[in-house]
Amino acid sequence: MSAQAGLSGAVAAAIQRRAAGRPLRRGDGIALIEAAPGELPAVLEAAAALRDRGKGRTVTYSRKVFLPLTNLCRDDCGYCTFKRDPGHPGARTMELDEVLAVCEAGARLGCKEALLSLGDKPEARFPEHRDWLRRRGYRTTMEYVVAASRAIATETGLLPHANPGLMSERDLRTLREWNVSVGIMLETVAGRLGGPGGPHEHAPDKRPARRLRTIETAGRLGIAFTTGILFGIGETRAERVDSLLAIRELHERYGHVQEVIVQNFRAKPRISMAGQPEPSLDELRRTLAVARLLLGPDVNVQAPPNLSPGTYPALIASGLNDWGGVSPLTIDFINPEAPWPHLAALEAATAAAGSRLRERLAIYPEYIHRPGFVPEALRHRVLASVDAGGLVPDAVAHVAT
């Protein structure tokens, strides 16, 4: 019997609209994400079919090193264990020679991406960090990110991808010279979560308009961009739909969103939201499926595999086509309790779902040959690293290690 038997009118109409190649409206997205448990299989089936139409049965990943350039941050988010204040245990900023040493070790293990992750503009809050930067010849953290990106690109075999928080047009113009892609998580457009008691109450850089402005500016500049939503932090399902539609609107305008991450909240002992329930697997699957159905067949949709271990075939069946960055060397410093899957195990689980695992670079295949997207200084290395389809050739991929 078809999974579409017994659907409500709104869910059936949304699925039919998407199958006919028409974009979904807000009401369609809300109907799908609110689908009853008995309707969810049809939603998942529609999302997987749409993924197959646009992406086939290849699921990609990027082999990376994770560089927590600094864990100082001027924001205080209710779900974050990454951030530290100066003088607190574990507070640190990586020296440039340490960054390069990690990249060189990663290159020996077959890594090709250097993910630079850090807190938002810590120099605006902490004089200690301003002093640290000044002693090394930098005025701002962004200047240091650019210098680190340049050093990685010119002194190691890795391709930088910077994720430094809010970025101005000037920041993005300087970063694009040495980064094959750049990113910022939108997280949510639910501005009310910045109100009293919300997870973003003390996080001015998480105001949705500011993050959307960064994504839009990257689009105007033609930068391959990664963004996504963080769900389970107090938003409604309708607000998840609104967040995905905001990303879709910018991508339709500029065509630069190379990847949309659907990231589920994970509770941790040291956060103020330690008692917040984590989203269930069904909640993750319905959110993934609606992301695929709203964003369409051609957008790359990802869910971090280390945040949902043992569920990989179910996630593939929900419409994703990418696992994101996976490291054989460094931990996930944002979610240190969640180890990366072994790549051989990830390959086997992907195959069990009827898909094939392939390695990609930090820039997705569809942007490699688009004029202006690959920095000129990195063009030769990018082109030399991929096959005709824009993926890392199997002969040089290091899946089994």
Side-chain angles (χ1 to χ4, degrees), residues 24 26 28-35 37 40 43-44 47 75 77-82 163 183-195 197-201 203 205-208 211-212 215 226-251 257 259-268 271-295 299-309 311-312 314-324 332 334-335 337-338:
L24 299 185
R26 181 176 188 268
D28 297 320
I30 292 174
L32 292 168
I33 204 165
E34 295 282 6
L40 185 57
V43 177
L44 301 174
D75 297 324
C77 297
Y79 45 77
C80 181
T81 58
F82 178 74
N163 188 12
I184 186 174
M185 288 289 282
L186 170 60
E187 297 194 2
T188 182
V189 296
R192 65 183 182 82
L193 298 185
H200 293 157
E201 178 182 5
D205 296 294
K206 295 300 176 72
R207 301 298 182 258
R211 299 178 89 76
L212 287 168
I215 301 169
T226 291
T227 188
I229 64 170
L230 174 63
F231 74 96
I233 59 173
E235 81 297 332
T236 65
R237 286 172 171 172
E239 285 167 339
R240 287 180 220 163
V241 169
D242 291 336
S243 300
L244 291 164
L245 289 175
I247 294 169
R248 187 180 79 178
E249 192 276 329
L250 290 174
H251 181 60
V257 177
E259 171 186 39
V260 176
I261 302 168
V262 177
Q263 182 170 334
N264 47 310
F265 164 76
R266 290 285 300 262
K268 302 172 179 65
I271 61 175
S272 61
M273 294 173 63
Q276 175 89 356
E278 295 182 350
S280 66
L281 175 59
D282 274 359
E283 199 66 31
L284 172 56
R285 296 191 73 194
R286 76 169 62 231
T287 305
L288 261 177
V290 171
R292 169 59 67 198
L293 292 166
L294 286 173
L295 296 169
V299 172
N300 297 295
V301 176
Q302 183 222 119
N306 61 317
L307 301 187
S308 303
T311 67
Y312 307 146
L315 300 186
I316 292 173
S318 306
L320 67 70
N321 71 292
D322 187 79
W323 292 124
D332 178 352
I334 306 297
N335 299 283
E337 80 289 352

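- Listed here is the closest heavy atom pair of N163 and G183: OD1-O, 2.7 Å.
- A donor-acceptor pair under 3.5 Å is absent between the side-chain atoms of R285 and the main chain of G319, judged by distance alone.
- Minimum interatomic distance between I215 and L250 (heavy atoms only, all atoms of both residues): CG2-CD1, 3.8 Å.
- Contact check for R237 versus E283: side-chain heavy atoms found under the 4.5 Å cut-off.
- At least one donor-acceptor pair under 3.5 Å links the side chain of R266 to the backbone N or O of L307.
- With hydrogens and angles ignored, the 3.5 Å screen pairs no side-chain donor or acceptor of Y79 with any backbone N or O of P199.
- Residues passing the salt bridge (charged side-chain N to carboxylate O under 4.0 Å, His left out) test with D205, sequence neighbours excluded: R74.
- Side-chain N or O atoms of N264 include none that pairs as donor or acceptor with a backbone N or O of P279 at under 3.5 Å.
- Judged purely by atom type and a 3.5 angstrom limit, R286 uses its side chain to pair as donor or acceptor with the backbone of I33.
- If you take CG on L186 and CD1 on I247, they are separated by 5.0 Å, rounding to the nearest 0.5 Å.
- Between atom CG of residue L244 and atom CD1 of residue I229 there is a gap of 4.0 Å, rounded to the nearest 0.5 Å.
- For the pair D242 and R26, the tightest heavy-atom approach, listed with the atom from each and the gap, is OD1-NE, 2.6 Å.
- With values rounded to the nearest 0.5 angstrom, L315 atom CG is found 11.0 Å from Q302 atom CD.
- At distances below 3.5 Å, not a single donor-acceptor pair connects side-chain atoms of S318 with backbone N or O atoms of L44.
- Here the side chains of R292 and N321 are in contact, with some heavy-atom distance below 4.5 Å.
- Looking only at atom types and distance, the side chain of N300 has no donor-acceptor partner in the side chain of D322 under 3.5 Å away.
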Practice item. Any chance you could lay out the side-chain contact (heavy atoms from CB on, under 4.5 Å) test for H200 and I233, step after step, and finish with the verdict? Key: CA-CA 10 Å; H200 293 157; I233 59 173; 4.2 Å; yes
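- Annotation: side chain of L281 is not in contact with side chain of S308 (no heavy-atom distance under 4.5 Å).
- Remark: side-chain polar atoms of E201 are paired, donor with acceptor, to backbone N or O of G197 under 3.5 angstrom.
- Looking only at side-chain heavy atoms (C-beta outward), I316 and W323 come within less than 4.5 Å of each other.
- Using a distance-only test at 3.5 Å, with no hydrogens or angles considered, a donor-acceptor pair links the side chain of R211 to the main chain of M185.
- Residues L230 and E235 approach most closely at O-OE1, 4.3 Å, considering heavy atoms.
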Practice item. Report the C-alpha separation of D332 and F82 in whole Å, then their side-chain angles, then the decisive distance to 0.1 Å, and conclude whether the side-chain contact (heavy atoms from CB on, under 4.5 Å) test is met. Key: CA-CA 10 Å; D332 178 352; F82 178 74; over 6 Å; no
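- Rounding to the nearest 0.5 Å places NE2 of H251 at 12.0 Å from OG1 of T227.
- Of the possible donor and acceptor atoms, none in the side chain of T226 sits under 3.5 Å from a partner among the backbone N and O of E259.
- Closest approach of L294 to G29, counting heavy atoms only: CD2-CA, 4.0 Å.
- The minimum heavy-atom distance linking T81 with I334 is given by the pair OG1-O, 3.7 Å.
- In this structure, Q276 contributes its side chain and G232 its backbone to a donor-acceptor pair below 3.5 Å.
- Pairs of residues two or more places apart, or lying in two chains, that qualify as salt bridge (Lys or Arg N to Asp or Glu O under 4.0 Å) and include a residue from residues 184-193 are E187-K206, R192-E239.
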